[in-house]
Amino acid sequence: MIQVENITKIYNPKKIPFAALKGVSFEVQDGELLAIVGKSGSGKSTLMHIMAGLDTATTGTVRVGDEVVTDMKSKRLNQFRNESIGFVFQQFFLFPNENVFENVAYPLRVMKKSPEEITTRVNEMLVKVGLEDKAKSVPSKLSGGQKQRVCIARALVTNPKVVFADEPTGNLDTETGESIEQLLFDMQKDLGTTVIVVTHDDDLAAKCDRVIKMKDGNIE
(Lines give C-alpha, C1' and ligand atoms only; values in the text may rest on other atoms or scores of the structure.)
Protein backbone atom coordinates (compact mmCIF):
# COMPACT_ATOMS: atom_id res chain seq x y z
CA MET A 1 0.00 0.00 0.00
CA ILE A 2 2.69 2.54 1.01
CA GLN A 3 6.38 2.64 0.18
CA VAL A 4 8.62 5.14 1.95
CA GLU A 5 12.05 5.29 0.29
CA ASN A 6 15.03 7.19 1.71
CA ILE A 7 13.03 10.16 2.99
CA THR A 8 15.07 13.06 4.34
CA LYS A 9 13.85 16.41 5.63
CA ILE A 10 16.28 19.28 6.19
CA TYR A 11 15.03 22.51 7.72
CA ASN A 12 16.94 25.81 7.19
CA PRO A 13 19.39 24.23 4.71
CA LYS A 14 20.99 27.60 3.84
CA LYS A 15 21.45 28.81 7.41
CA ILE A 16 21.72 26.39 10.32
CA PRO A 17 20.50 23.07 8.86
CA PHE A 18 18.53 20.66 11.01
CA ALA A 19 17.89 17.12 9.80
CA ALA A 20 14.43 16.10 11.00
CA LEU A 21 14.53 12.88 8.95
CA LYS A 22 17.71 11.09 7.88
CA GLY A 23 16.94 8.62 5.12
CA VAL A 24 13.87 6.75 6.39
CA SER A 25 12.63 3.71 4.46
CA PHE A 26 9.88 1.17 5.16
CA GLU A 27 6.68 -0.30 3.72
CA VAL A 28 3.11 -0.45 4.98
CA GLN A 29 0.89 -3.34 3.91
CA ASP A 30 -2.66 -2.95 2.64
CA GLY A 31 -5.06 -3.03 5.60
CA GLU A 32 -2.28 -2.81 8.19
CA LEU A 33 -2.67 -1.03 11.53
CA LEU A 34 0.73 0.59 12.06
CA ALA A 35 1.98 2.69 14.96
CA ILE A 36 4.80 5.22 14.56
CA VAL A 37 6.13 6.13 17.99
CA GLY A 38 8.85 8.32 19.43
CA LYS A 39 9.52 11.19 21.77
CA SER A 40 8.95 14.82 20.84
CA GLY A 41 11.51 15.76 18.21
CA SER A 42 12.04 12.20 17.00
CA GLY A 43 10.68 12.98 13.53
CA LYS A 44 7.46 10.99 13.73
CA SER A 45 5.11 13.90 13.01
CA THR A 46 7.31 15.19 10.18
CA LEU A 47 7.28 11.71 8.68
CA MET A 48 3.48 11.53 8.89
CA HIS A 49 3.09 14.95 7.27
CA ILE A 50 5.31 13.93 4.35
CA MET A 51 3.56 10.58 3.90
CA ALA A 52 0.20 12.35 3.86
CA GLY A 53 1.32 15.08 1.47
CA LEU A 54 1.02 17.82 4.07
CA ASP A 55 4.75 18.60 3.87
CA THR A 56 7.46 18.09 1.27
CA ALA A 57 10.53 15.90 1.63
CA THR A 58 14.00 17.21 0.91
CA THR A 59 14.85 13.93 -0.84
CA GLY A 60 13.20 10.56 -1.22
CA THR A 61 9.93 9.10 -2.45
CA VAL A 62 6.55 8.20 -0.98
CA ARG A 63 4.27 5.93 -3.01
CA VAL A 64 0.67 5.20 -2.09
CA GLY A 65 -0.59 2.39 -4.29
CA ASP A 66 0.54 3.24 -7.82
CA GLU A 67 0.86 6.98 -7.18
CA VAL A 68 3.98 8.90 -6.21
CA VAL A 69 2.84 11.42 -3.61
CA THR A 70 6.18 13.22 -3.48
CA ASP A 71 5.95 14.06 -7.23
CA MET A 72 2.43 15.50 -7.17
CA LYS A 73 1.75 19.14 -7.96
CA SER A 74 -0.44 21.20 -5.65
CA LYS A 75 -3.79 20.74 -7.42
CA ARG A 76 -3.42 16.98 -7.83
CA LEU A 77 -2.09 16.65 -4.29
CA ASN A 78 -5.15 18.40 -2.85
CA GLN A 79 -7.42 16.09 -4.83
CA PHE A 80 -5.45 13.02 -3.76
CA ARG A 81 -5.58 13.93 -0.07
CA ASN A 82 -9.32 14.52 -0.16
CA GLU A 83 -10.13 11.31 -2.03
CA SER A 84 -7.54 8.87 -0.70
CA ILE A 85 -6.50 9.99 2.79
CA GLY A 86 -8.43 10.50 6.02
CA PHE A 87 -7.16 12.39 9.05
CA VAL A 88 -7.93 12.10 12.76
CA PHE A 89 -6.19 14.84 14.74
CA GLN A 90 -5.67 15.35 18.46
CA GLN A 91 -7.06 18.91 18.13
CA PHE A 92 -10.17 17.68 16.20
CA PHE A 93 -10.18 20.59 13.68
CA LEU A 94 -13.96 20.62 13.33
CA PHE A 95 -15.82 23.56 11.80
CA PRO A 96 -17.27 25.24 14.92
CA ASN A 97 -20.28 26.82 13.19
CA GLU A 98 -21.30 23.69 11.27
CA ASN A 99 -23.29 20.83 12.75
CA VAL A 100 -22.07 17.24 12.99
CA PHE A 101 -23.69 16.23 9.71
CA GLU A 102 -21.99 19.02 7.78
CA ASN A 103 -18.60 18.38 9.38
CA VAL A 104 -18.73 14.75 8.25
CA ALA A 105 -20.16 15.70 4.86
CA TYR A 106 -17.43 18.25 4.07
CA PRO A 107 -14.99 15.99 2.14
CA LEU A 108 -17.88 14.55 0.12
CA ARG A 109 -19.02 18.05 -0.82
CA VAL A 110 -15.48 18.87 -1.96
CA MET A 111 -15.65 15.73 -4.12
CA LYS A 112 -18.95 17.07 -5.56
CA LYS A 113 -20.96 14.00 -4.63
CA SER A 114 -24.71 14.18 -5.14
CA PRO A 115 -26.90 15.35 -2.24
CA GLU A 116 -28.50 11.92 -2.11
CA GLU A 117 -25.17 10.11 -1.85
CA ILE A 118 -23.91 12.57 0.77
CA THR A 119 -26.99 12.07 2.92
CA THR A 120 -26.78 8.29 2.66
CA ARG A 121 -23.06 8.01 3.35
CA VAL A 122 -23.00 10.51 6.21
CA ASN A 123 -25.98 8.96 7.97
CA GLU A 124 -24.47 5.49 7.61
CA MET A 125 -21.19 6.68 9.10
CA LEU A 126 -22.90 8.47 11.99
CA VAL A 127 -24.65 5.22 12.88
CA LYS A 128 -21.30 3.38 12.81
CA VAL A 129 -19.74 5.83 15.28
CA GLY A 130 -22.85 6.04 17.46
CA LEU A 131 -23.72 9.68 16.76
CA GLU A 132 -26.90 9.38 14.73
CA ASP A 133 -28.73 11.43 17.39
CA LYS A 134 -26.15 14.25 17.23
CA ALA A 135 -26.38 15.06 13.51
CA LYS A 136 -27.74 18.57 14.13
CA SER A 137 -25.50 19.40 17.09
CA VAL A 138 -22.60 21.85 16.78
CA PRO A 139 -19.16 20.85 18.13
CA SER A 140 -19.43 23.12 21.19
CA LYS A 141 -22.29 20.93 22.42
CA LEU A 142 -20.23 17.73 22.21
CA SER A 143 -17.85 16.05 24.64
CA GLY A 144 -14.23 15.41 23.67
CA GLY A 145 -15.01 11.79 22.91
CA GLN A 146 -17.96 12.72 20.73
CA LYS A 147 -15.83 15.24 18.81
CA GLN A 148 -13.26 12.55 18.10
CA ARG A 149 -16.03 10.23 16.89
CA VAL A 150 -17.04 12.96 14.44
CA CYS A 151 -13.42 13.12 13.28
CA ILE A 152 -13.34 9.36 12.74
CA ALA A 153 -16.60 9.51 10.77
CA ARG A 154 -15.25 12.36 8.64
CA ALA A 155 -11.97 10.51 8.04
CA LEU A 156 -13.70 7.35 6.85
CA VAL A 157 -16.75 8.69 5.00
CA THR A 158 -14.84 8.88 1.69
CA ASN A 159 -13.64 5.27 2.05
CA PRO A 160 -9.99 6.41 1.88
CA LYS A 161 -6.99 4.22 1.13
CA VAL A 162 -5.20 5.39 4.29
CA VAL A 163 -6.15 7.05 7.57
CA PHE A 164 -3.56 8.95 9.58
CA ALA A 165 -4.40 9.30 13.28
CA ASP A 166 -2.14 11.86 15.00
CA GLU A 167 -2.29 11.37 18.79
CA PRO A 168 -6.01 10.49 18.46
CA THR A 169 -6.52 10.08 22.22
CA GLY A 170 -4.15 12.81 23.39
CA ASN A 171 -6.88 15.23 24.51
CA LEU A 172 -9.10 12.59 26.12
CA ASP A 173 -9.31 11.05 29.58
CA THR A 174 -8.23 7.43 29.93
CA GLU A 175 -11.68 5.83 29.75
CA THR A 176 -12.81 7.94 26.79
CA GLY A 177 -9.47 7.41 25.07
CA GLU A 178 -9.80 3.66 25.33
CA SER A 179 -13.29 3.76 23.83
CA ILE A 180 -12.01 5.87 20.91
CA GLU A 181 -9.11 3.46 20.38
CA GLN A 182 -11.54 0.56 20.24
CA LEU A 183 -13.83 2.39 17.83
CA LEU A 184 -10.94 3.24 15.51
CA PHE A 185 -9.64 -0.32 15.58
CA ASP A 186 -13.10 -1.80 15.03
CA MET A 187 -13.72 0.51 12.06
CA GLN A 188 -10.30 -0.38 10.63
CA LYS A 189 -11.10 -4.08 10.76
CA ASP A 190 -14.63 -3.61 9.46
CA LEU A 191 -13.61 -1.48 6.46
CA GLY A 192 -10.15 -2.96 5.85
CA THR A 193 -8.61 0.51 5.82
CA THR A 194 -4.88 1.02 6.27
CA VAL A 195 -4.44 3.04 9.48
CA ILE A 196 -1.25 4.73 10.66
CA VAL A 197 -1.28 5.94 14.25
CA VAL A 198 1.33 8.50 15.29
CA THR A 199 1.69 8.52 19.06
CA HIS A 200 3.99 8.67 22.07
CA ASP A 201 1.59 6.35 23.94
CA ASP A 202 3.24 2.94 24.21
CA ASP A 203 0.01 1.30 25.40
CA LEU A 204 -1.84 2.49 22.29
CA ALA A 205 1.03 1.45 20.03
CA ALA A 206 1.14 -2.04 21.55
CA LYS A 207 -2.43 -2.65 20.33
CA CYS A 208 -1.42 -2.10 16.70
CA ASP A 209 -0.23 -4.79 14.26
CA ARG A 210 3.28 -3.35 14.08
CA VAL A 211 5.32 -0.57 15.67
CA ILE A 212 7.98 1.63 14.08
CA LYS A 213 10.10 3.51 16.65
CA MET A 214 11.63 6.82 15.65
CA LYS A 215 14.64 8.44 17.31
CA ASP A 216 16.59 11.49 16.12
CA GLY A 217 15.19 11.28 12.60
CA ASN A 218 15.87 7.57 12.10
CA ILE A 219 14.01 4.31 12.60
CA GLU A 220 15.46 2.96 15.82
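- Taking CD1 of I7 as the start and CG of L47 as the end, the distance is 8.0 Å to the nearest 0.5 Å.
- For K113, the side-chain contact (heavy atoms from CB on, under 4.5 Å) partners at least two apart in sequence or on another chain are L108, M111, E117, I118, R121.
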Applying side-chain contact (heavy atoms from CB on, under 4.5 Å) to E5 and R63, what does each step give before you reach the verdict? CA-CA 8 Å; E5 300 176 0; R63 290 182 173 85; 3.0 Å; yes
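- To the nearest 0.5 Å, the span separating CG on N12 from CZ on F18 amounts to 10.0 Å.
- Of all non-hydrogen atoms in G217 and V24, the two that sit nearest each other are O-CG2, 3.5 Å.
- In this structure, F26 is not a member of the same hydrophobic cluster as L33, with clusters built from ILVMFWY side-chain heavy atoms closer than 4.5 Å.
- Within a 6.0 Å sphere centred on NZ of K207, other residues, nucleotides and ligands contribute more than 12 heavy atoms.
- Between the CD1 atom of I10 and the OG1 atom of T59 there is a distance of 7.5 Å, given to the nearest 0.5 Å.
- The shortest heavy-atom contact between A57 and K9 is CA-CD, 4.5 Å.
- Side-chain contact between V4 and M51 is present, with heavy atoms from C-beta onward closer than 4.5 Å.
- Taking CD1 of I219 as the reference point, atom NZ of K215 lies at 14.5 Å (rounded to 0.5 Å).
- Summarising the local packing, CG of D202 is surrounded by 12 or fewer heavy atoms from other residues, nucleotides or ligands at distances under 6.0 Å.
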Output, in order, the C-alpha distance, side-chain angles, deciding distance and verdict of side chain to side chain donor-acceptor pair (under 3.5 Å) for R76 and Q79. CA-CA 5 Å; R76 172 60 187 136; Q79 180 186 23; 3.1 Å; yes
With side chain to side chain donor-acceptor pair (under 3.5 Å) as the criterion, how do T58 and T8 come out once you've worked through the C-alpha distance, each side chain's angles and the decisive distance to 0.1 Å? CA-CA 5 Å; T58 303; T8 67; 4.6 Å; no
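- S42 and M214 make their closest contact through CB-O, 3.4 Å (heavy atoms, listed as atom of the first residue, atom of the second, distance).
- In this structure a side-chain-to-backbone donor-acceptor pair under 3.5 Å is present from T199 to D201.
- Cluster partners of V211 are V37, counting Ile, Leu, Val, Met, Phe, Trp and Tyr whose side-chain heavy atoms approach within less than 4.5 Å, directly or via other members.
- Here the side chains of V62 and V68 are not in contact, with every heavy-atom distance at 4.5 Å or above.
- The two residues S40 and K44 have their closest heavy-atom pair at N-NZ, 4.1 Å.
- When the side chains of ILVMFWY residues are joined at heavy-atom separations under 4.5 Å, either directly or via intervening members, Y106 and L142 end up in two distinct hydrophobic clusters.
- We find the CG-NZ distance between N218 and K22 to be 5.5 Å, quoted to the nearest 0.5 Å.
- Under the 3.5 Å distance criterion, the side-chain polar atoms of T176 are left unmatched by any main-chain donor or acceptor of L172.
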Show your reasoning for whether side-chain contact (heavy atoms from CB on, under 4.5 Å) applies to N99 and S137. CA-CA 5 Å; N99 62 30; S137 299; 6.0 Å; no
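- A cation-pi arrangement, defined by a distance under 6.0 Å to the six-membered ring centre and an angle within 45 degrees of its axis, is absent between K189 and F185.
- The closest side-chain heavy-atom distance from I152 to M125 is not below 4.5 Å.
- In this structure, T56 and T70 have side chains that are not in contact, with every pair of non-hydrogen atoms separated by 4.5 Å or more.
- Classification of D186 and K128 as a salt-bridged pair fails, no side-chain N sitting under 4.0 Å from a carboxylate O.
- The closest side-chain heavy-atom distance from R154 to P107 is below 4.5 Å.
- Contact record, G145 with I180: O-CD1, 3.4 Å, taken as the closest heavy-atom pair.
- Side-chain contact between S74 and N78 is present, with at least one heavy-atom pair separated by less than 4.5 Å.
- Here the options are L54, V163, D166, the test is side-chain contact (heavy atoms from CB on, under 4.5 Å), and the partner is F87; only L54 passes.
- Note that the CZ atom of F92 and the CD atom of Q148 stand 5.0 Å from one another [nearest 0.5 Å].
- Under the 4.5 Å side-chain heavy-atom criterion for ILVMFWY residues, a single connected hydrophobic cluster contains both V88 and V122.
- When atom types are taken as modelled, the side chain of Q146 and the backbone of S143 share a donor-acceptor pair closer than 3.5 angstrom.
- Note: the hydrophobic cluster containing F164 does not contain V129 (ILVMFWY, side chain heavy atoms under 4.5 Å, direct or indirect links).
- Considering only heavy atoms from C-beta on, L204 comes within 4.5 Å of P168 through its side chain.
- Both L34 and V69 are assigned to one and the same hydrophobic cluster, defined by single-linkage of ILVMFWY side chains at heavy-atom distances under 4.5 Å.
- Of all heavy-atom pairs spanning E98 and P139, the tightest one is O-CD, 3.2 Å.
- Counting only residues at least two apart or on different chains, no ring-ring contact (aromatic ring centres under 6.0 Å, His included) pair has a member in residues 112-151.
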For the pair V100 and K136, evaluate side-chain contact (heavy atoms from CB on, under 4.5 Å) and give the outcome as yes or no after the intermediate values. CA-CA 6 Å; V100 166; K136 296 183 179 180; over 6 Å; no
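- The main-chain N or O of P160 is never found under 3.5 Å from a side-chain atom of S84 such that the two would form a donor-acceptor pair.
- Between the side chain of R81 and the backbone N or O of G53 there is at least one donor-acceptor pair closer than 3.5 Å.
- M1 pairs in a side-chain contact (heavy atoms from CB on, under 4.5 Å) with only one of the listed residues (E32, E27, K161), which is K161.
- The side-chain heavy atoms of F101 and T119, taken from C-beta on, include a pair separated by under 4.5 Å.
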Take V28 and I196 through the test side-chain contact (heavy atoms from CB on, under 4.5 Å) and record every step on the way to the result. CA-CA 9 Å; V28 185; I196 299 174; 4.3 Å; yes
